[in-house]
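Have a look at the structure below, then the notes.
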Amino acid sequence: MAVRWLCSLFGKPFDGGKRMDHGGPQQQQQHPMEQQQPAYHPQHPAMMRLYEIQKEVASLGPQVCTFSGLQNDRDYKRLERELTRLLLDVDQVDTEGKPELQGARKRAAQEVEGLLRYLEENATHPSRLAIEQLSYEARQLVDERVVAPQRAGGVTEINDELVDALQQLVLRLTQVKTEGRVPLRKARYRALTRLCAVQDVIEGRTQQQTLSLPLSGDTHEAVNCINQVMVKVSVARSQLVALLMGLSGRDSCAHLSRILTEMQVELDALDVSGNAVIRNYRKQVVEEINGLLKHLDLEGEGDDTRRYDLAQNNSIREIEGVRAHISHLREGVLRHCVMGDLSFRPKAELQGLLTQLDQVDTARNPCIREARRRAVVEVQAVITFLDLREALARRQPGPNEHPSHRAVWQVLGSLSELQAQVLGFDGKRVDKSYMILEELLTKQLLALDAVDPQGDETTKVARKQAVKFAQNILNYLDMKTDEWEY
């Protein structure tokens, strides 16, 4: 039964179709097959026809529940067409005016209608449209900055601006709310995996090398061959990025994989024995090819619910355990600060948590990667708070201290008090306390902007660090209130 399929996807017991959480369509009545039929109806043609229809509904149920595309997708149109046909088939069942058969037909129709609604709701959900919009922005960026120059015969320029733009898109994708819906989680995960793969390909790009070898002034033939393969690798890199972002209509992952494998075979056939420099060059190119091959297994990525439904993921559990420990230490630090006691400094324990987070296996999963990053930020926020408190306590300004330098330290003192409030904040962005904190932090940034170093280098450095510190506090406050979910 389709409803039973829906329930099993979310690990919920079947409740007779009375209700469903975010996972699937609501059912108002128990399915006719689950009710005891009158003894004189089991072989009735109408009931037998409803059984046949129900088998088809059961086969479509899991497809509907895991469909993560849009209304213009081929699979959406197929599912919609088949469900509509089943609804018409149900409507054509002749009940001969018998109440039992009429009730069974009505409940069967409600179940098909529920699947149709669920299919449409997920394909048109605001979060699904947000995912598509961000994917479109990513495709535009990659096409303009990476794919188009390569196709035109030029050289792709990889700079910090491109890397930062990609990272910003990844962060925006991770913040799209899915409300626990499997199709939305799946769509977000698939978009993230492809964008993160593009990040890895771009950031791992190496420059083509031409080696100068002391071989009678002539270039070794193996080097020429390796250089030719390196040019092919550069083209394959662009093709891979286009594939990952859906910008290639002709190529396929399987075709590109064959090309890269042929390059490996070509390199393996080279005789580079006795020449360590050329051997290392070949090794570098082989590693470059392997780096591209590892991203060609994304065709079926996202089909396994364990990849995007992370509630039971061991890495997420480990991160959550660290976050609970951070929360305990943060409360202790704030409690001692209120009492004016600066002796409680669990720096070593906090550094140990950073090491523990660094060892968490993200399994190339962008959501786990983001969860780990956020936990790291939480640890660093407590560490920087302790460092500033200690610096303020040790500070002994001399009579010749520059007035501008003293002004920067006064702002840092105010920032320390505000950071304590931010660390303890547990509200939402609509709360008045959030707006007050944001306004006060912005005022401190303006105060720093008004400080005139008057040529004093020490003040310039101190002001720059203070501005960065204030911005980090604001970013941390935003992170605490962005309602991010796995």
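With respect to the salt-bridge test (charged N to carboxylate O, under 4.0 angstrom), the residues Arg335 and Glu331 do not qualify. One finds no salt bridge joining Glu262 and Arg258 here, because no Lys/Arg side-chain nitrogen approaches an Asp/Glu carboxylate oxygen to under 4.0 Å.
With 3.5 Å as the limit, one finds a donor-acceptor pair spanning the side chains of Asn290 and Gln264. No side-chain donor-acceptor contact under 3.5 Å links Gln356 and His325. There is no side-chain donor-acceptor pair under 3.5 Å between Thr362 and Arg372. Counted by atom type alone, Arg128 and Asn122 present zero donor-acceptor pairs between their side chains at under 3.5 Å.
For the residue pair Thr178 and Leu184, the shortest heavy atom distance occurs at O-CD1, 3.5 Å. Considering all non-hydrogen atoms of both residues, Val408 and Ala466 come closest at CG1-CB, 4.1 Å. The two atoms that bring Phe469 and Gln419 nearest to each other are CZ-OE1, 3.2 Å, heavy atoms only. Minimum heavy-atom separation, Leu350 to Val379: O-CG1, 3.5 Å. A pairwise comparison of heavy atoms in Glu438 and Leu474 identifies CG-CD2, 4.1 Å as the closest pair. Here the closest non-hydrogen pair linking Leu129 and Thr124 is CD1-O, 3.8 Å.
When the salt bridge (Lys or Arg N to Asp or Glu O under 4.0 Å) test is applied to Lys460, the partners found at least two apart in sequence or on another chain are Glu457. Remark: Glu266 engages Cys225, Val229, Lys232 in a side chain to side chain contact (heavy atoms under 4.5 Å, CB included) (not counting sequence neighbours). With sequence neighbours left out, the side chain to side chain contact (heavy atoms under 4.5 Å, CB included) criterion links Val377 to Arg373, Tyr476, Met479. Remark: Arg330 pairs with Glu378 by the salt bridge (Lys or Arg N to Asp or Glu O under 4.0 Å) rule, at least two apart or across chains.
Residue pairs that meet the ring pair (Phe, Tyr, Trp, His ring centres under 6.0 Å) test with at least one member in residues 342-363, sequence neighbours left out, are His336-Phe344. Among residues at least two apart or in separate chains, there is no ring pair (Phe, Tyr, Trp, His ring centres under 6.0 Å) pair with a member in residues 160-180.
With hydrogens and angles ignored, the 3.5 Å screen pairs a side-chain donor or acceptor of Thr174 with a backbone N or O of Leu171.
Surrounding NZ of Lys428 are at most 12 heavy atoms belonging to other residues, nucleotides or ligands under 6.0 Å away. By the neighbour-count criterion of 12 heavy atoms within 6.0 Å, atom CG of Asp426 is sparsely surrounded, having that number or fewer from other residues, nucleotides or ligands.
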Chi angles and distances behind the side-chain contact (heavy atoms from CB on, under 4.5 Å) call for Ile368, Ile319: CA-CA 9 Å; Ile368 300 177; Ile319 293 171; 4.1 Å; yes
Determine, step by step, whether Trp409 and Leu412 satisfy the side-chain contact (heavy atoms from CB on, under 4.5 Å) criterion, reporting the C-alpha distance in whole Å, the side-chain angles of both residues, the deciding distance to 0.1 Å, and the verdict. CA-CA 5 Å; Trp409 274 101; Leu412 283 171; 4.0 Å; yes
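Within the 4.5 Å cutoff, no side-chain heavy atoms of Leu354 are placed close to those of Asp358.
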